[in-house]
Protein chains: 2
Amino acid sequence: MQKNKLPTIKEIAKRLNVSVSTVSRALHGHPSIGLVTTMRVQKIAEEIGYEANKSAIHFKERKTYTIGVIIPNLSEPFFSSALSGIEDIAEKHNYNVIIGQSLDNFEREKRIVENMKDHRVDGVLVSLTKDTSTYEHFENLKKYNIPVVFFDRVPARKDINFVACNLLSGMLQAMAKLVKAGHKRIGLINGPAKLAATLQRVEIYFKCLKENNLPIDQDIMVSTSLAKSDNVKAIQKLLALDERPTAVIVFNDYVVLDCIAAVKAAGLEVNKDISFISFANLPIWEYMDTLPLASIEQFAHSQSVIATEYLFKMIDEPGAGYGTDKPYLQHVIDSEMIDYSL
Amino acid sequence: MQKNKLPTIKEIAKRLNVSVSTVSRALHGHPSIGLVTTMRVQKIAEEIGYEANKSAIHFKERKTYTIGVIIPNLSEPFFSSALSGIEDIAEKHNYNVIIGQSLDNFEREKRIVENMKDHRVDGVLVSLTKDTSTYEHFENLKKYNIPVVFFDRVPARKDINFVACNLLSGMLQAMAKLVKAGHKRIGLINGPAKLAATLQRVEIYFKCLKENNLPIDQDIMVSTSLAKSDNVKAIQKLLALDERPTAVIVFNDYVVLDCIAAVKAAGLEVNKDISFISFANLPIWEYMDTLPLASIEQFAHSQSVIATEYLFKMIDEPGAGYGTDKPYLQHVIDSEMIDYSL
DNA sequence: GTAACCTATGCAAACGTTTGCGCAACAACT
DNA sequence: AGTTGTTGCGCAAACGTTTGCATAGGTTAC
């Protein structure tokens, strides 16, 4: 029971006194093998419980039928949801998924890329670390003909394949809603400067203000490191203003959670004294009694599904998406405001 | 750049006019190879960017340095947290992790096991589907010498390796707290009958009642399918009783969320008219203003870490944990009540 | 001077599978 | 009878690496 070797194609060949090539072909239903032989082979294979050794095939075919996924953190619902989507598509293609959590650590990201290359994955999906600003480790994969598709947290360059989410669309919806409700002073609580997401938010914030003919006012723009205490400080700063904003765009739902608590602590009322719009559309809002006016959904699942489909396109049609003759595979999903006030 | 073959050991051998075996040994620092040769080989290897083809090695060594993880659902924080723990340990052992979501579907679970076997993973970690009641698909892995360790949702049998969580300890703490606070009628909102977790809870519920000399009262025991509407019905049923319970043990935190909403809707006050104790210790409580008295933590991360260490023990010492001469690897972690009222 | 022993290297098999090519045997045409 | 075609199968190479065994040349020991 221990080291009893698994049945191989040779075993079958020996039993039937045919060659291994015949067996191999018979098992694949190759037309050049006679019907009787094919049947006999398949019967024996069944009997002794033969199963092809995938390792051998991977080795020979130089494919592993495995894709690698590199994400910052599995514990964020956004990414676990994305991973779910990836797994769904991979399964349809009979592929396996191996994962690596970068934990938002650039060095780890590099190590994981190395590891995936060692493992000869057939493709890689990546959502970047917040510190990633060089991309040699990914470029390196080209040497091994390992295609890469980025999603959500993507490099700021054009010569790549990616799927990302356009925050502007959702934000425009949100801003329209605020303006319609009469808000004229709309603040911003942004994230740490080094995050790409932070830059994005300030850009669309400005665009939205402009679109609605509202002035830019540095006083009502603050930022947080995303630490709880810092989140509280940020909202307190806004609340302390002589002329405080009546609505605030907030970096994400987690920050809003702290803001809401702080507003209550200050004896003010959310959605009356001050309203919030945020990003993420966390499922927990369903259970909260105090929630932002709306949150902007970035469709983790859809993003990852499309990214995975792109990846398989590149795997299946070598050359696709390498920007040589074929164009890069790029897609931007519109974000959407989810209105909680309905 | 496209199909340029990767450098192999042969390549190096040719360049140096030595045999491949010499190269192989030199690269491993084998003592029987002369110092100069070793150096020359390593230098060339470096130069041409040689990297061992892991697929070839996996094939030859009959190992893939990959473990498989089968869990019901990545989107549950419990499991994504568990997966995090698994990945941590796997990384320490230089192993990869491939995942499979059973989506609580028994047939999918079987398919995933098949797939992992095909992929020749070196071991498997499993948390069962709620419908899993037969285990042939796992037993089958023994033929392939693929060790299996179960965690959290484990089979109800003794001849396995597992890590699980003992709900009783946390529950005793909780019950003690309730009794101390003067509660005498302590109800139960349990899950669907077919879940192992449901049976567990009713057992420990009875034990705890007995321990505290409280009577069993079928009237204050209800159950829910875990659907939102059903959760609400369950709590409403209790609230409607002439002599309603003053405290309720609830299947998990998600159910409590609905219960809290229903209590409020009924014009009653949580923690005054009725108190809750639950399971899961979800992180979101931190942000809620109305929360249960306490929730029982089941330590997903610790469970998975220990389970993974067991798995590596089995991988590294063939025979370990197979219950032959060596004992099964089994561990039970005590759950712990996390007191939110402090 | 020859037996015994290192040292450094090469040979070849093995892991399991796929596949291009070749070659029988037989059938079907001229 | 000779050519051509078809059918069914085997041979052997190839994928990249590791490793037991053999061996050549050199040293030491008696």
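All chains are named by letter (A, B, ...) in the order of the sequence lines, taking the proteins before the strands, and each is independently numbered beginning at 1.
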Taking all heavy atoms of [X] and all of [Y], pick out the closest pair and write down the distance.
X: B/Ser304; Y: B/Ala82; answer: OG-O, 2.9 Å
X: A/His137; Y: A/Glu109; answer: NE2-OE1, 2.9 Å
X: B/Ser84; Y: A/Leu74; answer: OG-CB, 4.3 Å
X: B/Val18; Y: B/Val23; answer: CG2-CG2, 3.7 Å
X: B/Pro147; Y: B/Met314; answer: CB-CE, 3.4 Å
X: A/Asp88; Y: A/His301; answer: OD2-NE2, 3.6 Å

Just grab all the ring-ring contact (aromatic ring centres under 6.0 Å, His included) pairs involving residues 30-64 of chain B, residues at least two apart or on different chains.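 Every pair satisfying ring-ring contact (aromatic ring centres under 6.0 Å, His included) with a residue in residues 30-64 of chain B: A/Phe59-B/Phe59, A/His119-B/His58, B/His58-B/Tyr65.
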Test: ring-ring contact (aromatic ring centres under 6.0 Å, His included). Region: residues 143-162 of chain A. Which pairs qualify, not counting sequence neighbours?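 Applying ring-ring contact (aromatic ring centres under 6.0 Å, His included) to every pair that reaches into residues 143-162 of chain A, excluding sequence neighbours, yields A/Phe138-A/Phe150.
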Not counting sequence neighbours, which residues clear side chain to side chain donor-acceptor pair (under 3.5 Å) with [X]? List them please.
X: A/Thr64; value: A/Asp122
X: B/Asn105; value: none
X: A/Glu91; value: B/Arg108, B/Arg111

Where chain B begins and ends its contact with DNA chain C, read 5' to 3' at 4.0 Å from heavy atoms: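 Contacts span C/dA8 to C/dG16, reading 5' to 3'.
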Do A/Leu6 and B/Arg120 make a side-chain contact, defined as non-hydrogen atoms from C-beta onward lying under 4.5 Å apart?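 Contact flag for A/Leu6/B/Arg120 side chains = yes.
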Applying salt bridge (Lys or Arg N to Asp or Glu O under 4.0 Å), name anything that partners A/Glu107, two or more places apart in sequence or on another chain.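 Per chain and number, A/Glu107 pairs via salt bridge (Lys or Arg N to Asp or Glu O under 4.0 Å) with no residue.
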Give me the bend of the helix from C/dG1-D/dC30 to C/dT30-D/dA1, using the axes of the five pairs at each end, rounded to 10°.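 The two end axes of the helix from C/dG1-D/dC30 to C/dT30-D/dA1 meet at 60°.
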Short of 4.0 Å, heavy atom to strand atom, which residues of residues 35-54 of chain A count as contacting DNA chain D?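 Heavy-atom cutoff 4.0 Å gives A/Thr37.
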Counting only heavy atoms and a strict 4.0 angstrom limit, can you tell me which residues of residues 15-25 of chain A come near DNA chain D?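 A/Asn17, A/Val18, A/Ser19, A/Ser21, A/Thr22, A/Arg25, in order of number.
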Could you list all N or O pairs between the protein and nucleotides 23-28 of chain D that sit under 3.5 Å apart?
none

If you find the nucleotide of DNA chain C closest to B/Gly34 and the one closest to B/Lys60, which residue's nucleotide is nearer the 5' end?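 The residue whose closest nucleotide sits nearer the 5' end is B/Gly34.
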Taking the nucleotide of DNA chain C with the closest heavy atom to each, which residue, B/Ala56 or B/Ser32, is nearer the 5' end?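 That would be B/Ser32.
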Calculate the interatomic distance between B/Ile33 atom CD1 and D/dG20 atom C1'; express it in whole Å.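 It works out to 14 Å between those atoms.
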With no hydrogens and no angle check, just 3.5 Å: does a side-chain donor-acceptor pair link A/Thr129 and A/Asp131?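 Their side chains do not contain a donor-acceptor pair, so the 3.5 Å distance test is not met.
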Contacts of A/Ile89 that satisfy side-chain contact (heavy atoms from CB on, under 4.5 Å) - sequence neighbours left out: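 For A/Ile89, the residues satisfying side-chain contact (heavy atoms from CB on, under 4.5 Å) (neighbours in sequence not counted) are A/Lys92, A/His93, A/Val305, A/Thr308, A/Glu309, A/Phe312.
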